[in-house]
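Numbers here simply count residues along the sequence, with the first being 1.
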Amino acid sequence: MVTELTYSPLLILVLSYFFGILGSLLGLGGALFLTPVLTIFMGVPIHYAIGAGFISIIATSSGSAAAYVRDRISNIRVGMFLEIATTVGAITGAYLSGLISNQLLFIVFSGMMFFSAYMMFRNRHVEFVENAEEDALAEKLQLSGHYVDKALHRDIAYKTQKPLQGLGLMFVAGILSGLLGIGNGALKVLAMDQIMKMPVKVSSATSNFMMGVTAAASAGVFFARGDIHPAIAAPVALGMMLGAMTGSRIMNRLRAKTLRTIFVPILLLIAAQMFLKGLGVL
């Protein structure tokens with residue numbers, strides 16, 4: 001079926017490279033950009049596009065996680081702590097699928113994204129929260145940390161706040177993921193940046209680490225169903241991994257306000273897409 005379509009593996013490879021850079025910088029994976037391009041502009045069937053999307057997330061995570069972990073930008077403790085709620089939420093969402101109107105969920109989700117974009121825009125000049133007080137639970141779980149910011153040429157120590165609220169939002173993100181079949185990188189970054197007051201660079205790097213773990217489980221299901229086509233998955237995996245490796249070299253040299261400036265229009269794009277799906281336009 002795929003061989004009858006007019007697409008170029010080389011074009012997919014090049015596009016995946018640039019999407020991998022964006023995904024690595026923003027902690028969103030590459031599926032957000034790749035899936036609509038494959039389906040709308042290249043005519044790839046949606047189940048193959050979604051399967052390639054999971055491959056793109058794993059490749060982005062694999063390509064960037066090593067560098068972010070090596071440079072101690074990713075907060076592994078926070079990632080594993082939040083991943084518990086995301087996984088439970090995804091399982092809950094899978095069980096609730098079919099019982100709740102997807103259109104209503106899309107509209108609610110879009111509202112959250114619009115509000116998050118506003119909050120991100122309002123804090124666009126904030127590099128990181130200084131003099132923050134550490135939450136007692138965060139201190140007990142040792143969720144705070146530090147990293148060397150190459151753009152500011154200094155070591156940034158940060159305190160993590162409100163881990164339970166972050167855990168709750170991750171549970172919601174997991175439910176939405178299970179119900180709607182969407183990634184939740186945007187919510188992960190927002191929960192860590194806006195709720196837990198972690199630096200946006202740490203939030204993006206930690207989100208990249210988490211998404212690879214989540215996507216690996218889903219990709220296994222798609223592979224078993226034969227929805228991961230080698231002719232699409234191979235250039236996607238190679239392009240995304242190379243792009244993510246490039247992005248991981250760039251990210252720590254950018255100012256946080258630059259990342260926020262890139263992040264806001266992406267959030268607005270997601271919000272608009274979800275809203276139109278809620279109205280049944282897409």
* Asked: In terms of heavy-atom contacts, does CZ of Phe18 have more than 12 from other residues, nucleotides or ligands at under 6.0 Å?
  -> no
Taking the side chain as every heavy atom from C-beta outward, state whether [X] and [Y] have any atom pair closer than 4.5 Å.
| X | Y | answer |
| --- | --- | --- |
| Leu259 | Met251 | yes |
| Met196 | Val78 | yes |
| Arg72 | Val148 | no |
| Phe81 | Pro163 | yes |
| Val44 | His229 | no |
| Asp155 | Tyr147 | no |
| Lys197 | Thr160 | no |
| Met192 | Leu82 | yes |

Taking atom [atom1] of [X] and atom [atom2] of [Y], what is their separation to the nearest 0.5 Å?
| X | Y | atom1 | atom2 | result |
| --- | --- | --- | --- | --- |
| Met240 | Met245 | CE | CE | 15.0 Å |
| Phe209 | Lys188 | CZ | NZ | 10.5 Å |
| Ile12 | Leu38 | CD1 | CG | 5.5 Å |
| Leu25 | Lys201 | CG | NZ | 10.5 Å |
| Lys150 | Ile73 | NZ | CD1 | 7.0 Å |
| Ser16 | Met241 | OG | CE | 12.0 Å |

May I ask you to decide if [Y]'s main-chain N or O and [X]'s side chain share a donor-acceptor pair within less than 3.5 Å?
| X | Y | answer |
| --- | --- | --- |
| Ser62 | Ile58 | yes |
| Thr258 | Leu254 | no |
| Ser64 | Ala244 | no |

Specify the closest pair of heavy atoms between [X] and [Y], including all atoms of both residues, with the distance to one decimal.
| X | Y | answer |
| --- | --- | --- |
| Ser74 | Ala205 | OG-O, 3.3 Å |
| Asp193 | Met198 | OD1-O, 3.5 Å |
| Ala117 | Leu268 | CB-CD2, 3.7 Å |
| Ala233 | Ile55 | O-CG2, 3.9 Å |
| Gly166 | Ile195 | N-CG2, 4.0 Å |
| Ser24 | Gly247 | OG-C, 3.6 Å |

* Asked: Any side-chain donor paired with an acceptor under 3.5 Å for Asn75 and Tyr158?
  -> yes
* Any luck finding a side-chain donor-acceptor pair between Ser204 and Tyr68 under 3.5 Å? -> no
With the 4.5 Å side-chain cut-off for hydrophobic clustering, are [X] and [Y] part of the same group?
| X | Y | answer |
| --- | --- | --- |
| Phe121 | Ile262 | yes |
| Ile232 | Leu13 | yes |
| Leu269 | Ile107 | no |
| Ile84 | Met80 | no |

* Asked: What pairs with Ser144 under side-chain hydrogen bond (donor to acceptor under 3.5 Å, both in side chains), at least two apart in sequence or on another chain?
  -> Glu134
* Evaluation steps, side-chain contact (heavy atoms from CB on, under 4.5 Å), between Ile250 and Arg253 -> CA-CA 5 Å; Ile250 297 173; Arg253 300 183 185 281; 5.8 Å; no
